[in-house]
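Here is the structure we will look at, set down as structure tokens.
The figures here come from the full heavy-atom set of this structure, side chains too, leaving out hydrogens, waters and symmetry mates.
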Amino acid sequence: MSATMRAVEITGGGGGPEVLKPAERPVPQPGPGEVQIAVAAAGVNGHDLHHRRHGSHPLLPGESDLPGLEVSGTVAAVGPGVTRWSVGEPVVALLRGGGYAEYVVAPAGLCLPVPTGLTMVEAAAMPETTFTVWSNVFADGWLRPGRRMLVNSGTSGIGVTAIQLASALGVEVYATAGGADRCAACVDLGARAAIDYRSEDFAQRLPELAGGVDLIVELVGGDYLDKDVQLLAPDGRLVLIGLARGPRAEIDFATVAAKRLTITGSLLRPRPPAYKEEIARDVERIVWPLVEAGRVRPVLHAVVPLDDAAEAHRILEARGHVGKVVLQVGAR
């Protein structure tokens with residue numbers, strides 16, 4: 001193995017997509033409880049855009065400053081204490097960073113087998129969204145079969161996963177999206193109905209649902225938040241995952257109190273490793289069989305070479321995508 005690897009780094013302290021530049025970096029080596037992965041593909045996520053705009057975020061000792069929260073690839077080496085994984089096994093991994101590179105190291109407990117039937121590129125689109133949806137909607141949100149859920153921004157990477165997974169688990173799903181074609185994509189993925197926010201006010205459409213919805217996955221924020229409060233059923237939960245329209249809004253808290261609503265949210269990356277390993281076990285046990293049965297599938301909008309990571313970021317920022325953008329990495 002070469003002592004260096006190809007990677008894409010954030011230059012100049014952060015900024016627009018143009019600050020993403022190819023670079024040579026030392027190949028990271030696995031420590032205790034870690035595996036080294038030869039990366040085949042890396043998913044691109046909203047957090048990567050935030051990371052790029054603001055430069056490097058706080059790092060733990062030995063942590064990579066490179067962007068990238070999820071990869072697929074093959075195990076290239078294992079650190080002390082790793083018993084589950086062997087060199088040559090195909091895996092996906094959830095990371096705290098470092099995915100825009102030919103090699104990464106990942107905690108062994110945050111690696112999962114590549115689901116049967118998926119290509120490496122497809123598999124790279126799965127870890128971050130499945131972990132995020134499972135942890136926010138099912139583990140913390142207590143969503144159960146027979147309930148109703150609304151996903152705002154149904155064609156985002158999180159949105160397409162939330163629609164499919166909830167629908168496969170017996171939840172009645174509704175979504176918002178921009179444009180008739182994107183609304184149709186939400187319905188094709190399992191939503192009972194999708195509302196075009198460009199031509200309709202979703203708050204005016206959904207009151208036709210007797211009793212409201214039990215959980216809202218919020219990826220938009222801003223002026224959507226008070227509408228969410230009005231649409232939630234008694235004892236409903238508003239789960240904040242993204243805030244594309246901003247983090248501030250006026251909310252009628254009298255309604256929050258009268259309905260006994262819970263407003264919550266979380267960022268996955270900062271959560272403790274033990275929590276994420278618990279989510280990994282749930283994902284492998286419950287979600288991966290649905291993926292292998294074709295009931296939850298990766299939705300790829302574009303596949304872009306690693307050196308063109310700036311273009312991948314431009315695609316996400318244009319907000320016209322349906323599903324995930326993935327970087328093709330592979331061997332040098």
Residue pair Q36, V27: steps toward the side chain to side chain contact (heavy atoms under 4.5 Å, CB included) verdict: CA-CA 9 Å; Q36 181 193 67; V27 174; 3.4 Å; yes
Full working for side chain to side chain contact (heavy atoms under 4.5 Å, CB included) between V114 and M120: CA-CA 8 Å; V114 172; M120 284 292 198; 4.0 Å; yes
Step-by-step side chain to side chain contact (heavy atoms under 4.5 Å, CB included) determination, W288 to T130: CA-CA 9 Å; W288 258 211; T130 53; 4.0 Å; yes
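A salt bridge is defined here as a Lys NZ or Arg NE, NH1 or NH2 lying under 4.0 Å from an Asp or Glu carboxylate O, and D235 with R260 meets this definition. In summary, D307 and R6 engage in a salt bridge, as defined by a charged side-chain N under 4.0 Å from a carboxylate O. Looking at E284 and R281, no side-chain N of the basic residue comes within less than 4.0 Å of a carboxylate O on the acidic one, giving no salt bridge. Residues R237 and D140 are not paired through a salt bridge, judged by the lack of any N-O separation under 4.0 Å between the basic side chain and the carboxylate.
The stretch residues 220-253 participates, sequence neighbours left out, in these ring-ring contact (aromatic ring centres under 6.0 Å, His included) pairs: F202-Y224. Counting only residues at least two apart or on different chains, the side-chain hydrogen bond (donor to acceptor under 3.5 Å, both in side chains) pairs with a member in residues 60-72 are R25-D65, N45-E70, E63-R96, E63-R269, E70-K324.
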Could you pull out every donor-acceptor pair under 3.5 Å between side chains of residues 186-193 and any protein atom, sequence neighbours left out?
from: D188; atom 1: OD2; to: R297; atom 2: NH2; distance (Å): 3.1
from: R192; atom 1: NH1; to: E172; atom 2: OE1; distance (Å): 3.1

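Under a 4.5 Å side-chain heavy-atom criterion applied to ILVMFWY residues, the cluster that includes V326 comprises V121, L300, V303 as well.
For E292, there are no salt bridge (Lys or Arg N to Asp or Glu O under 4.0 Å) partners at least two apart in sequence or on another chain. In this structure R248 satisfies the salt bridge (Lys or Arg N to Asp or Glu O under 4.0 Å) test with no other residue, sequence neighbours excluded.
Grouping the Ile, Leu, Val, Met, Phe, Trp and Tyr side chains by contacts below 4.5 angstrom, directly or via other members, places L268 apart from L69. V304 and L49 fall within a single hydrophobic cluster, where Ile, Leu, Val, Met, Phe, Trp and Tyr side chains are chained together by heavy-atom contacts under 4.5 Å. Following chains of ILVMFWY side-chain contacts shorter than 4.5 Å, one cannot reach V299 starting from L316, and the two form parts of different hydrophobic clusters.
Between the H301 side chain and the G323 main chain, no donor and acceptor come within less than 3.5 Å of each other.
Aromatic ring orientation, W134 versus F138: parallel (interplanar angle below 30°, classes split at 30° and 60°).
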